[in-house]
2 protein chains.
Amino acid sequence: MRLSQYFLPTLKETPSEAQIASHRLMLRAGMINQTTSGIYTWLPLGELVLKRIDQIVAEEQDRIGCFRITMPTIQPAHLWQESGRYDDYGKEMLRIKDRHDREMLYGPTHEEVVTDVVRQYVSSYRQLPLCLYQIHWKFRDEIRPRFGVMRGREFYMKDAYSFDVDAASARVSYEKMYNAYLRTFARLGIKAVPMRADSGAIGGDLSHEFHVVADTGESAVYYDKTFESITEADYSMEKLSKLYAVSDEKHDPDTCPISGDQLISRRGIEVGHIFYFGTKYSKSMNLKVTGEDGKPIYPEMGSYGIGVSRLVAAIIESSHDEHGIIWPEQVAPFRVGLIDAKNNSETQAISTQLYEKFKNAGVSVLYDDRDERAGIKFSDIDLIGLPWQVIIGGKTLTNGTVEVKNRSTGAREDLSLDEVLTKFL
Amino acid sequence: MRLSQYFLPTLKETPSEAQIASHRLMLRAGMINQTTSGIYTWLPLGELVLKRIDQIVAEEQDRIGCFRITMPTIQPAHLWQESGRYDDYGKEMLRIKDRHDREMLYGPTHEEVVTDVVRQYVSSYRQLPLCLYQIHWKFRDEIRPRFGVMRGREFYMKDAYSFDVDAASARVSYEKMYNAYLRTFARLGIKAVPMRADSGAIGGDLSHEFHVVADTGESAVYYDKTFESITEADYSMEKLSKLYAVSDEKHDPDTCPISGDQLISRRGIEVGHIFYFGTKYSKSMNLKVTGEDGKPIYPEMGSYGIGVSRLVAAIIESSHDEHGIIWPEQVAPFRVGLIDAKNNSETQAISTQLYEKFKNAGVSVLYDDRDERAGIKFSDIDLIGLPWQVIIGGKTLTNGTVEVKNRSTGAREDLSLDEVLTKFL
């Protein structure tokens with residue numbers, strides 16, 4: 001992409017309404033625009049990141065045998081009256097009347113709709129286990145939306161729902177999802193620690209929150225140091241759930257089993273939450289299947305959320321510096337920023353040639369071909385946080401080398417034009 | 001995908017509420033489930049088709065230099081009060097009050113939001129032309145939703161918006177989009193004819209509808225026979241727009257310039273609509289840029305829609321038979337249906353081996369490994385309309401061949417296990 005032709009409205013000034021780093025940086029990097037309180041338009045750069053996260057989240061759901069669907073945003077109230085949550089949910093639910101005066105709502109979550117789908121088609125234990133997920137927009141009418149997309153009203157979320165014949169099988173589904181979450185967050189380039197949680201309004205007896213560790217996190221979190229060094233080989237819920245890890249409302253220094261260096265105290269941002277809640281919805285909404293013995297069974301259910309739009313902000317909170325965002329390679333909107341730092345006919349020719357070579361080789365590249373001072377280009381490219389910067393400048397003309405800067409470490413190296421192409425293949 | 005583990009709830013009975021073929025077939029093939037009037041859940045098979053169309057539509061928008069964004073579904077009413085459409089729009093607009101009693105609406109279209117975005121960032125003629133698009137869910141509160149997703153209330157749509165400094169440049173943007181639409185529909189495997197149209201409520205002076213030709217279409221369409229044979233080489237609006245092509249409300253047999261064999265009379269389903277409407281929104285919403293001469297300019301705008309969820313139904317209307325759907329290869333949920341027609345240990349071993357080979361080779365395949373009669377498997381696979389069927393049966397055991405059936409032509413051929421793999425690479 002040539003920056004001169006792209007729609008990347010970066011801001012020089014820090015918007016006064018933005019209190020946290022991710023909100024400031026997303027506005028300044030031209031990723032989002034506020035349409036109204038807590039409701040945002042995702043501009044091209046933000047859209048690219050959102051879609052990269054969407055794809056990784058989806059691949060990990062597919063891998064454990066969940067099937068992607070799309071449920072409607074607008075739901076009929078009667079399903080929530082059936083489950084008993086319509087009156088309980090309170091003012092965060094956006095309630096709507098359609099032209100025929102029927103009570104509708106903008107879905108804040110989809111247990112009711114998915115249970116309604118499954119009860120229409122699933123009648124035998126042989127059709128279970130079943131897991132369905134969507135990645136879709138939801139609405140919660142926060143009384144005081146703030147922190148940009150971190151606590152917005154309209155937000156993008158992955159929500160999955162599992163159905164099993166009994167509690168033992170439901171636990172297997174839950175564990176699969178627990179491990180899928182660990183893999184998902186690792187692939188996104190972030191450290192997320194699973195913490196024992198209360199299951200709250202959804203009810204039930206097994207629940208974990210996944211918190212991204214970031215200095216600017218909303219809540220204090222306490223966890224075993226072992227979490228700092230887990231790798232894919234350790235993704236076993238049985239083992240990991242024995243390690244201490246809780247957020248502040250569950251932490252009690254007096255009863256905490258670990259201490260000293262072993263107890264890490266940081267701040268965290270909740271980006272995922274998984275629940276096992278048994279037969280709450282299958283019973284209230286009369287989802288029944290015939291068991292192996294011919295007797296009816298209410299399936300055991302779980303639900304599993306990842307805040308996809310919130311993740312964009314959480315990744316930035318955990319990965320930025322005073323100059324701007326530092327994208328992990330896996331979610332970066334472009335992999336390479338190519339900068340013509342001289343804007344003369346010679347550097348322009350070299351830059352354009354390299355740009356074409358990158359494109360032909362399938363390297364995702366943003367080419368800053370604008371007629372702007374080098375200083376502006378450098379600060380913009382630092383701001384939007386692409387993992388690699390390739391700088392065509394004076395040395396290119398004198399030595400035939402280009403400078404390659406790693407945005408995360410700041411390390412620079414000089415490479416020939418051939419070497420730089422090979423580096424990114 | 002193994003069908004025994006998939007969520008593909010096909011129906012044997014024809015649902016009584018479905019009046020048209022696409023609605024019947026989408027329900028029977030387990031693609032959609034009605035959540036409430038005019039509002040559907042997209043089940044896994046439908047979701048796959050929706051995403052395939054999404055991708056092709058997006059690629060063709062990207063190719064002409066439009067940038068993908070996502071605007072919110074929930075919009076503040078004040079933007080529509082500014083443009084003057086809030087009171088005009090009528091009851092199709094779903095109007096909402098949030099918890100603070102602010103007037104909001106579920107977007108039926110996004111001219112206001114996109115104009116609001118652009119006026120915040122674009123201030124110079126040098127930033128134009130600009131084209132932004134999204135593929136997103138919209139809501140129109142149809143008084144009588146019917147025909148499944150063909151005329152639903154919540155629907156998935158591509159909407160693009162162009163901004164230009166003058167009418168000549170706006171016409172270039174319009175033509176680019178016209179050609180992109182021809183390419184998009186051709187890639188989707190359907191014949192769509194561009195027809196001169198009134199621009200209606202949106203106003204303006206240049207507008208085309210794109211109609212998919214299908215016997216069950218909602219409106220009569222009349223067009224020059226030349227459209228039957230156009231290829232990519234003919235995608236020039238200047239030439240094509242001189243050919244006669246209108247839907248019934250604009251057709252007048254007395255003044256129609258062509259007749260006889262040259263005039264084709266069919267039925268059509270509108271799947272795209274493009275408008276050039278000048279400065280209607282830039283003026284009412286005060287989007288101004290500085291021109292080359294330093295004077296302010298109101299940008300000339302156009303908007304361009306494709307009904308993505310409606311396209312799923314339109315493709316089925318134009319491509320099905322008495323046995324079920326016939327997917328064009330480009331949008332098929334899976335390319336190959338692999339059928340074990342015998343369910344014995346030998347055919348099972350061969351089928352499973354071939355399934356693994358297809359998967360490893362990246363061939364998208366649905367493997368019917370269910371313990372069901374061959375007749376049920378054959379009718380299900382015809383119903384869901386995968387382009388190719390590969391049948392493992394008696395001949396496989398006696399001759400070592402598999403039968404390959406083309407769903408569209410019905411042609412069958414016997415191939416060896418090696419040949420069948422090569423065929424789909």
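Because the structure is a prediction, the values reported are computed rather than measured. Below, read A as the first sequence line, B as the second, and so on, with proteins coming before strands; counting in each chain starts at 1. Keep in mind that the numbers below use all heavy atoms, side chains included, and drop hydrogens, waters and symmetry copies.
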Can you confirm whether [X] is buried at [atom1], in the sense that more than 12 heavy atoms of other residues, nucleotides or ligands lie under 6.0 Å from that atom?
X	atom1	value
A/Gln55	CD	no
A/Asn360	CG	yes
A/Lys176	NZ	no

For chain A, which of B/Ile143, B/Leu11, B/Leu79, B/Leu50 has the most heavy-atom pairs under 4.5 Å? B/Ile143

Below 4.5 Å, heavy-atom pairs only: which of B/Arg126, B/Gln75, B/Arg95, B/His136 has the largest tally toward chain A? B/His136

Give, for atom [atom1] of [X] and atom [atom2] of [Y], the distance between the pair rounded to the nearest 0.5 Å.
X	Y	atom1	atom2	answer
B/Leu48	A/Phe67	CG	CZ	10.5 Å
B/Ile135	A/Glu47	CD1	CD	9.0 Å
A/Glu112	B/Thr35	CD	OG1	12.0 Å
A/Lys97	B/Lys97	NZ	NZ	12.5 Å

For chain B, find which of [options] contributes the most heavy-atom pairs closer than 4.5 angstrom.
options	answer
A/Pro9, A/Ser37, A/Pro72	A/Pro72
A/Glu142, A/Arg68, A/Met71	A/Arg68
A/Ile32, A/Leu130, A/Leu45, A/Asp116	A/Leu130

For a side-chain contact (heavy atoms from CB on, under 4.5 Å) check, start with the C-alpha distance between A/Tyr106 and B/Ile96, then their side-chain angles and the critical distance, and finish with the verdict. CA-CA 10 Å; A/Tyr106 198 123; B/Ile96 303 167; 5.6 Å; no

Please classify the contact between [X] and chain A as side chain, backbone, both or neither, with a heavy-atom cut-off of under 4.5 Å.
X	value
B/Lys51	side chain
B/Met93	neither
B/Gln5	backbone
B/Ile74	both
B/Val114	neither
B/Leu94	side chain

Using a distance-only test with no angle check, is there a side-chain donor-acceptor pair under 3.5 angstrom linking A/Thr70 and B/Tyr40? no

Tell me, side chain or backbone of A/Gln134 under 4.5 Å from chain B's heavy atoms, or both, or neither? neither

What do the steps show when you test A/Ile39 against B/Met104 for side-chain contact (heavy atoms from CB on, under 4.5 Å), and what is the final call? CA-CA 11 Å; A/Ile39 297 180; B/Met104 315 288 281; 3.7 Å; yes

Do B/Ile69 and A/Phe7 have side-chain heavy atoms sitting under 4.5 Å apart? no

May I ask you to test the B/Thr73-A/Phe139 pair for a side-chain heavy-atom distance under 4.5 Å? no

Measure from the side-chain N and O atoms of A/Asp141 to the backbone N and O of B/Arg99, and report whether any donor-acceptor pair falls under 3.5 Å. yes

Among residues 150-158 of chain B, which ones touch chain A with a heavy-atom distance under 4.5 Å? B/Arg153, B/Glu154

